[in-house]
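Throughout, protein chains are lettered first and strands after them, A, B, ... in sequence-line order, and every chain is numbered starting at 1.
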Amino acid sequence: MPDLLANLNAEQLAAVTLPDEPALILAGAGSGKTRVLTTRIAWLIQNGHVSPAGILAVTFTNKAAKEMQTRLSAMLPVNTRAMWIGTFHGLCNRMLRAHFRDAGLPQTFAILDSQDQLSALKRLLKAHNVDDEKYPAKNLQYFINNAKEQGLRPADVEANDDFNKRFVDLYAAYDEQCQREGVVDFAELLLRCYELLRYNDAIRQHYQHRFRHILVDEFQDTNVLQYQWLKLLAGFGTQHPAAVFAVGDDDQSIYAFRGANVGNMRDFEHEFRVRRLIKLEQNYRSHGHILDSANHLISHNARRLGKNLRTDAGHGEPVRVFQADSDGREAAWLLDEIRDQVAQGASRSEIAILYRSNAQSRVIEHALFSAGIPYRVYGGLRFFERAEIKHALAYLQLLENPRNDAAFGRVVNFPTRGIGARSLETLQDAARQYNCSLFEAVAYVPGKAGSTLGAFVRLIEQMRADTRRMTLPETVEHVTNTSGLVTHYQGEKEGQDRIENLQELVTAAQAFVVEEGYGLDALAAVLPAEPAGTRALAAGDQVQQVLDPEALPVVMTPLVAFLTHASLEAGDNQAQAGQDAVQMMTVHAAKGLEFDVVFITGLEEGLFPHENSMMDPDGLEEERRLMYVAITRARKRLYLSFAQSRVLHGQMRYHVRSRFFEELPDAALKWLTPPAAGPGSQPRRQNEGGWGRDWFKKPEDVPFTGSKPTGGMDRGNNYANAQREAGSGFRIGQGVFHNKFGEGVITALEGSGADARANINFKRHGAKWLALAVAKLDPID
DNA sequence: TACCACCCGCTTTTT
DNA sequence: GCGGGTGGTA
């Protein structure tokens, strides 16, 4: 047997071999956190501290859970399937499926993603005739999720004024609606599971007895409810509590805005009486200058548990800093550096471009696209979130549970079948009157509306009958065809992609059956009536999942399993440019990843730190942690850049460079451009190596980089464009005086020669487009 | 019912 | 600058 503990450093070894007691591991970026977690599990089992069935490991993302699972199977000869490894939501789902009756849920409950939840709320507001100006669905969604994440039911929420009381009432009404329709939102999965454990002694004791070791990844990201759930599951305060092994990094806490409570780390340390807090400070990722920058920056945060990363790698290259006079120019420079790097043998997928907000990606994308450099943008729509996929899934939901009004509403008239707002209103009235689902209410609608609706009901029922003996992939295919979705998209201009996605859904169902074994990780899936293997499972067969000898069986159909899978794991986002591509993403999305070369762009006051966070100290500290996360993504080479002007929300904005530059060590930085004054500080010393590229020497000669993209036509030389359009004698940001409109600032320039126009934002008269050949404009200052 | 024109708003996001 | 939502019209 390979020695698990070989090659661990002293800190890691100490963490892995801790006795069976609560432990808090402060794991810095790149310190081998996942390795410690998995080795700890393997070590515990190998040394007989616990059997696989006694392990519960919880993460935030499916990706992290899968990674842990994979590494463990490689490490351990034993069956890892008895362990519970998953996301908070995945594990809660599992418990709720096993105990659906005790949890007060229908066996086939469906899971709403955020989109579904929002539309459910819109439906609710309409049904209750609520003024959606005063009570926007978005706000209500935030209110409800926030309450649930604090563990609060409507009765527990304090409402001091009428406005909040109304929110509480709507929260209660929403919960009722969900219950009636047999659906559960993400936060509800956790809260419901928490309540199940809390109010059901037998179930709680079963799991408390079973899970002797609970390991938590990214502990700094847990919210109040998740911490409470962990305490309950671990039997906190009981005679034989489980050993909780919490791994986290307070310096990488960047999700306070969605309810993460870093305070959980402190609370855990005190409440569980953690005897030894272990810090993993040896960094295996970044070179010295990069790490120095990260350490230096984060030391400006006041509230930390305290930690300093070190590395054995040398200083490495300096951190390169670039100042551009516009966002377009920043992008042009980026292109140049990337070309250099690739020419020197760097692989494009090892180059990451990071930014604070998604809006910043456009300019960069445009530049990369025009230059023909393959790139991949993270974020955006994911597979199971696409409209056509959602539609197909809604039909499948209706096969499983016709009471699902959300699914009903989504597809009753899609593709259109003559059921308009009028008919739906009648139907909703009927549903209210008879206190039943929309599907059931169809029977009470008379006349023409009743017959078109009736046809829809018959369509669904026919589908259900047709698919009764079909396998899951056959069912999916049948539904995409008979629903009319494929035919509908055939008639659409952009429909081909959507049809391909629908076909991809069939493929996904096949993969779900073959590769993932119906998502039942222990495939002791058995047919009650026939011996397994005599034929493929039909989508509607009852399948009993025997997780392990100790577990209570989970009974569900392949279809429900697939639908759950679709909600809980939204899938990859569009895999653009499959080849070796430059990686583009927000800093948030980069957490947990690493690259040889990293560009952090748009380092400007107002953008990063973001203006909405600059007001309060907590917000600023989170921005700083975000910057810390960004810096620590880089292995060998780090670039920081900012632009003095950029188009934001369609308007030209001017920024000074980010205060974070003032918080980085001079010795680690190399300025590629002469630094201009920063926020409240003096220009820095000049760098030793000169300014490099000749075209940066006189930026004032090149005032305009075409804020208006010329389309995909230009072959990526923004610089040439800039020269061409500079002939007007005006530049963006220039102050001008007009006889009639007074003082203003040029915010955009378009066209050239006689057609040249300028958009000018006048102090008194607002923004106007003026032809330069006609308008008399005098430059000021 | 379907399409288009206009309006607003706008940080980060996994499940 | 763009996407989502809405209201008016053919």
Next item on the list: Could you tell me which residues satisfy ring pair (Phe, Tyr, Trp, His ring centres under 6.0 Å) with F456(A), sequence neighbours excluded, listed by chain and number?
Entry: F408(A)
Next item on the list: Mind jotting down which residue pairs meet the salt bridge (charged side-chain N to carboxylate O under 4.0 Å, His left out) criterion with at least one end in residues 643-653 of chain A? Sequence neighbours excluded, please.
Entry: E330(A)-R646(A), E604(A)-R646(A), E611(A)-R653(A)
Next item on the list: Would you check if the side chain of D116(A) reaches a backbone N or O of D113(A) as a donor-acceptor pair within less than 3.5 Å?
Entry: yes
Next item on the list: Measure the distance from CD on Q360(A) to P on dG1(C) and round it to the nearest whole Å.
Entry: 16 Å
Checklist line | Given E149(A), K148(A), Q150(A), the one that forms side chain to side chain contact (heavy atoms under 4.5 Å, CB included) with L152(A) | finding: Q150(A)
Next item on the list: List in chain and number order the residues that pass side chain to side chain contact (heavy atoms under 4.5 Å, CB included) with N139(A), two or more places apart in sequence or in another chain; answer none if no residue qualifies.
Entry: P136(A), F167(A)
Note to self: Please classify the glycosidic conformation of dT11(B) as syn (within 90° of 0) or anti (everything else).
What the structure shows: syn
Next item on the list: Return the residues of residues 608-618 of chain A meeting this criterion: a heavy atom under 4.0 Å from some atom of DNA chain B. Order them by number, or give none.
Entry: H610(A), N612(A), S613(A)
Item checked: Plane angle bin for Y255(A) and F257(A) - parallel if under 30°, tilted between 30 and 60°, otherwise perpendicular -> tilted
Checklist line | Residues from residues 407-423 of chain A lying under 4.0 Å of DNA chain B - heavy atoms | finding: N413(A), T416(A), G418(A), I419(A), G420(A), A421(A)
Checklist line | Start and end of the DNA chain B segment that chain A contacts, any atom under 4.0 Å from a heavy atom | finding: dT1(B) to dT15(B)
Next item on the list: Give one of base, sugar-phosphate or nothing for D185(A), where a contact means two heavy atoms less than 4.0 Å apart.
Entry: nothing
Check: Among all residues two or more places apart in sequence or in another chain, which pass the ring pair (Phe, Tyr, Trp, His ring centres under 6.0 Å) test with Y171(A)?
Finding: none
Notebook entry, point to check: In terms of side-chain heavy atoms, does N264(A) have a donor or acceptor partner in Q226(A) at a distance below 3.5 Å?
Noted result: no
Next item on the list: Check every strand shown and say whether S114(A) touches a base, only sugar-phosphate, or nothing at a heavy-atom separation below 4.0 Å.
Entry: base
Next item on the list: Give me the residues of residues 247-259 of chain A where at least one heavy atom lies under 4.0 Å from an atom of DNA chain B, by number, or none.
Entry: Y255(A), F257(A), R258(A)
Check: Which comes earlier along DNA chain B counting from the 5' end, the contact point of G90(A) or that of S357(A), where each point is its nearest nucleotide?
Finding: S357(A)
Got a list of protein N/O to nucleotides 4-10 of chain C N/O distances below 3.5 Å?
residue : atom : partner : partner atom : Å
dG5(C)  : OP1  : K122(A) : NZ           : 3.1

Item checked: E385(A) or L626(A), whichever maps to the more 5' nucleotide of DNA chain B -> L626(A)
Check: To the nearest angstrom, how far is N358(A) atom CG from dG3(C) atom C1'?
Finding: 13 Å
Check: Given the C1' atoms of dT14(B) and dG3(C), what is the spacing between them in whole Å?
Finding: 22 Å
Notebook entry, point to check: Under 3.5 Å, side chain of E663(A) to main-chain N/O of H300(A), donor-acceptor pair present?
Noted result: no
Next item on the list: Name all residues meeting the side chain to side chain contact (heavy atoms under 4.5 Å, CB included) criterion together with Q428(A); count only those two or more places apart in sequence or in a different chain, and write none if there are none.
Entry: R432(A), L438(A)
Margin query: Determine whether a donor-acceptor pair (N or O, by modelled atom type, separation under 3.5 Å) exists between the side chain of H649(A) and the backbone of Q651(A).
Written below: no
Margin query: Under the rule for ring pair (Phe, Tyr, Trp, His ring centres under 6.0 Å), what residues qualify as partners of H488(A), not counting sequence neighbours?
Written below: F414(A)
Notebook entry, point to check: Okay, side chain of R657(A), backbone of L603(A): is any donor-acceptor separation there less than 3.5 Å?
Noted result: no
Check: Looking at residues at least two apart in the chain, or sitting in another chain, which of them share a side chain to side chain contact (heavy atoms under 4.5 Å, CB included) with V183(A)?
Finding: A110(A), L112(A), C178(A), E181(A), N404(A)
Next item on the list: Indicate, with a heavy-atom threshold strictly under 4.0 Å, whether E188(A) touches base, sugar-phosphate, or nothing.
Entry: nothing
Next item on the list: Provide the distance between the two C1' atoms, one in dT6(C) and one in dT11(B), to the nearest whole Å.
Entry: 26 Å
Next item on the list: Run the ring-centre check on H391(A) versus Y489(A) and record whether the distance is less than 6.0 Å.
Entry: no
Item checked: Qualifying residue, where the test is ring-ring contact (aromatic ring centres under 6.0 Å, His included) with F88(A) and the options are Y227(A), F219(A), Y194(A), F60(A) -> F60(A)
